[in-house]
Amino acid sequence: MIRVADEVRESGAVVALETTLVAHGFPPGEGVEVGLESERQVRAAGAVPATIGVLDGEVVVGLTADELERFDAGARKVGPRDLAVCAVQGAVGATTVGGTLVVMRAAGISWLGTGGLGGVHRGFPTPPDVSADLAQLARTQALVVSAGVKSLLDVPATAELLESLGVPVLGYRVDTLPLFYAAAGGPPVSGRLESAEEAAGAARAHWQLGGGGLLLGRPPDEPLDDVEPLIEQALGAAHEQGVAGQAVTPFVLSYLHRESGGRTQRANKDLIAQNARLAGEIAVAAAQSSS
Ligand code: PSU
Ligand code: MN
């Protein structure tokens, strides 16, 4: 039921990439290019990308470009609980970070590059919405490179919950967790790392101690520091219009895109590519130090 691409199986430095951001993170047609650019960035670092999704009854580790085209807005959003049913029903399943982590464990992949991790929604417990990304990260030996957590979440609450779950929340050359578009103002990290080599070493040591996942926050190279008021507005509009559950993120992202004149979308694309690149560098550093 799991199909692993040959080059993924043969490489010692593999970076997993998720498909929810491809299918649901960008306007129709644009997500695929974001996914392909992430793959190029991983390769430029000297590693092999493994874009993960569910297709035609299989969990695929290393989608081809043609296969990636099928991950459009009609794809199911597939978290850890959804993988098996999606595969058995033959549906197209775009994996979240949590869903991707499940597959990584099955395929023996340790590194993931993405945009933002899921987490605790603002206003918890109304709604009582906490992403399955968190529990899955806690129980999977993998390092996730992201620009922090999704911008619309309660970031301090998410950082607290990750601490409770024993997940290191690390900063790449920063002392605070990046706030997705913005670089500054987030909660303190539990450790600051200065290089890909140091990140690879920290992950290996954590796993030798029986630990699970690690989050490494990398701030965007060109942060946007004025998006927070727009996020508040977008969440207000979502509430007024009765948008809830899985529909909230796509609604908020397209609201931000429209109201920022496309700036948030550009920033989102760029930071995803930057995170994929760093994940590739860490995968290569880890392979070199273990050979
Ligand atoms: N960040 C974004 N857009 C997204 C996501 C993150 O800017 O679409 C996706 C990721 O795949 C993440 C998922 O794993 O949202 C979390 O969704 P939920 O809160 O429903 O668990
Ligand atoms: Mn959720």
Side-chain angles (χ1 to χ4, degrees), residues 16-28 30-32 34-35 38 51-54 71-73 75-83 93-104 112-138 140 142 144-155 157-158 161-162 177-182 213 215 217-218 220 224 227 230-231 234-235 238 243-257 260 263-276:
L17 300 167
E18 52 134 322
T19 37
T20 289
L21 68 84
V22 171
H24 303 297
F26 291 89
E30 297 194 27
V32 172
V34 175
S38 293
T51 302
I52 290 174
V54 182
F71 289 76
D72 57 23
R76 286 189 197 172
K77 178 174 167 180
V78 172
R81 65 170 190 186
D82 306 307
L83 277 162
T95 53
T96 63
V97 170
T100 304
L101 285 165
V102 172
V103 181
M104 288 168 66
L112 169 62
T114 187
L117 189 71
V120 181
H121 281 260
R122 296 184 192 186
F124 183 90
T126 44
D129 186 346
V130 177
S131 175
D133 287 358
L134 302 187
Q136 194 59 48
L137 183 58
T140 309
V144 175
V145 180
S146 75
V149 303
K150 288 200 284 195
S151 58
L152 69 171
L153 300 174
D154 182 335
V155 182
T158 303
L161 184 46
L162 286 166
L177 187 64
L179 294 176
F180 202 76
Y181 303 110
L215 181 67
R218 181 202 189 286
L224 303 178
V227 183
L230 278 184
I231 296 171
L235 288 168
V243 178
Q246 291 194 342
V248 174
T249 298
F251 178 92
V252 168
L253 291 179
S254 62
Y255 187 103
L256 296 179
H257 173 218
S260 72
R263 285 162 60 237
T264 56
Q265 193 179 313
R266 221 160 23 245
N268 201 341
K269 279 184 183 168
D270 290 348
L271 67 84
I272 288 168
Q274 291 153 15
N275 294 339

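Just so you know, ligand 1 is whichever comes first in the structure, and atom 1 is the first atom listed for that ligand. Values below: all heavy atoms of this structure, side chains included; hydrogens, waters and symmetry mates excluded.
For the atom pair CD of Gln136 and CG of Leu117, the computed distance is 11.5 Å after rounding to the nearest 0.5 Å. Put simply, CD on Glu18 and CD1 on Ile52 are 10.0 Å apart, with the number rounded to the nearest 0.5 Å. Thr249 OG1 to Lys150 NZ: the interatomic distance, rounded to the nearest 0.5 Å, is 3.0 Å. The structure places CG of Leu17 at 9.5 Å from OG1 of Thr95, a figure rounded to the nearest 0.5 Å. To the nearest 0.5 Å, atom NE2 of residue His24 and atom CD of residue Gln246 are 7.5 Å apart. The structure places OG1 of Thr19 at 13.5 Å from CZ of Arg76, a figure rounded to the nearest 0.5 Å.
Heavy atoms of His24 stay at 4.0 angstrom or farther from ligand 1. Using a 4.0 angstrom heavy-atom cutoff, Thr100 does not count as in contact with ligand 1.
With a heavy-atom cut-off of 4.0 Å, Gln246 does not touch ligand 1 at all. Under 4.0 angstrom from ligand 1, the non-hydrogen atoms of Leu253 all belong to its side chain.
Applying the 4.0 Å criterion to heavy atoms of Lys77 picks out, from ligand 1, the atoms 17 (O), 18 (P), 20 (O). Annotation for ligand 1: atoms under 4.0 Å from non-hydrogen atoms of Asp133 are 12 (C), 14 (O), 16 (C). For ligand 1 and Gly116, the ligand atoms under 4.0 Å from any heavy atom of the residue are 1 (N), 6 (C).
At under 3.5 Å, a nitrogen or oxygen of Ser131, whether backbone or side chain, sits near a nitrogen or oxygen of ligand 1. Considering backbone and side-chain atoms alike, Thr249 places every N or O at 3.5 Å or more from each N or O of ligand 1. The shortest N or O to N or O distance between Val97 and ligand 1 is under 3.5 Å.
Nearby protein atoms of type N, O or S around the Mn ion (ligand 2) amount to 1 (distance under 2.8 Å).
The environment of CZ in Arg81 is sparse: at most 12 heavy-atom neighbours from other residues, nucleotides or ligands sit within 6.0 Å.
Side-chain atoms of Ile231 and Leu256, non-hydrogen and from C-beta on, do get closer than 4.5 Å to each other.
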